[in-house]
Amino acid sequence: GGSWPRFFGGAVGLGYRIRLISDIPISSTESVNTFDHDLLIGIGRKIKDNLEVGLALRYLIKETTPTLASTKNGSGMAVDLGALYQHTPG
């Protein structure tokens, strides 16, 4: 992944992750491999001196090989929202 500071007054980040779990037994003679892919774009911006907000969008893909009648592939999306507030006692 990577990030670019000072993009539209904030920061933008890109990322990609792949996970593999291999040789999952589904019967005494068959096994499968599963792959999870995540493509991520995130943005963050300082709103005030003590408040920052962020948003991350993820596209998710799950694949199983070999594709058998008992296994399914799929995809979806996820959204993460966050805020960081710095309290200064006063």
Side-chain angles (χ1 to χ4, degrees):
S3 65
W4 292 268
R6 298 185 200 99
F7 189 80
F8 292 111
V12 173
L14 296 174
Y16 175 75
R17 179 180 69 173
I18 184 170
R19 291 182 294 174
L20 164 66
I21 301 173
S22 60
D23 297 325
I24 303 167
I26 58 170
S27 71
S28 60
T29 60
E30 295 178 300
S31 65
V32 295
N33 301 318
T34 181
F35 297 90
D36 293 333
H37 306 267
D38 296 2
L39 181 59
L40 166 79
I41 183 168
I43 57 173
R45 185 170 186 184
K46 187 176 228 177
I47 301 296
K48 295 181 178 182
D49 285 341
N50 60 350
L51 180 63
E52 298 176 41
V53 294
L55 167 75
L57 303 172
R58 286 188 275 166
Y59 182 65
L60 313 165
I61 301 169
K62 181 162 189 118
E63 299 176 284
T64 306
T65 60
T67 302
L68 306 171
S70 61
T71 63
K72 303 288 184 208
N73 295 332
S75 63
M77 296 195 69
V79 175
D80 299 318
L81 300 171
L84 177 62
Y85 176 76
Q86 271 188 319
H87 176 70
T88 52

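Note that the structure is predicted; figures quoted are calculated from it, not measured.
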Visitor: Let me check something: do L84 and L55 share a hydrophobic cluster, defined by ILVMFWY side-chain heavy atoms less than 4.5 Å apart, either directly or through other members?
Guide: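 No; tracing contacts between hydrophobic side chains, which count when under 4.5 Å, never links both residues.
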Visitor: What is the minimum heavy-atom distance between Y59 and G76, and which atoms define it?
Guide: CD1-O, 3.5 Å
Visitor: Can you list everything that forms a side chain to side chain donor-acceptor pair (under 3.5 Å) with E52? Sequence neighbours excluded, please.
Guide: none
Visitor: I'd like to know whether Y16 forms a side chain to side chain contact (heavy atoms under 4.5 Å, CB included) with L40, so could you lay out the CA-CA distance, the side-chain angles of the two residues, the decisive distance to 0.1 Å, and finally the verdict.
Guide: CA-CA 6 Å; Y16 175 75; L40 166 79; over 6 Å; no
Visitor: Return the CZ to CG distance between R17 and L60, rounded to the nearest 0.5 Å.
Guide: 8.5 Å
Visitor: Provide the closest heavy-atom pair for D49 versus K46 in the form atom of the first, atom of the second, distance.
Guide: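 Closest heavy-atom pair between D49 and K46: O-CE, 3.6 Å.
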Visitor: Taking side chain as C-beta onward, heavy atoms only, is I24 less than 4.5 Å from T34?
Guide: yes
Visitor: If you round to the nearest 0.5 Å, how far is NZ of K62 from CZ of R19?
Guide: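 Those atoms lie 7.5 Å apart.
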Visitor: Indicate the atoms forming the closest heavy-atom contact of N73 with T64, along with that distance.
Guide: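 Minimum heavy-atom separation between N73 and T64: OD1-N, 2.7 Å.
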Visitor: Could I get the full list of side chain to side chain donor-acceptor pair (under 3.5 Å) partners for N33, not counting sequence neighbours?
Guide: none
Visitor: If I take atom CE from residue M77 and atom CG from residue L39, how far apart are they, to the nearest 0.5 angstrom?
Guide: 9.0 Å
Visitor: Decide yes or no on side chain to side chain contact (heavy atoms under 4.5 Å, CB included) for E63 and I61, but give the supporting numbers first.
Guide: CA-CA 7 Å; E63 299 176 284; I61 301 169; 4.0 Å; yes
Visitor: Other than I47, what residues sit in its cluster of Ile, Leu, Val, Met, Phe, Trp and Tyr side chains whose heavy atoms are under 4.5 Å apart, directly or through others?
Guide: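 Under the 4.5 Å side-chain rule, I47 groups with L51, V53, Y85.
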Visitor: Roughly how far, to the nearest 0.5 Å, is CG of D38 from CZ of R58?
Guide: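 Between atom CZ of R58 and atom CG of D38 there are 6.0 Å.
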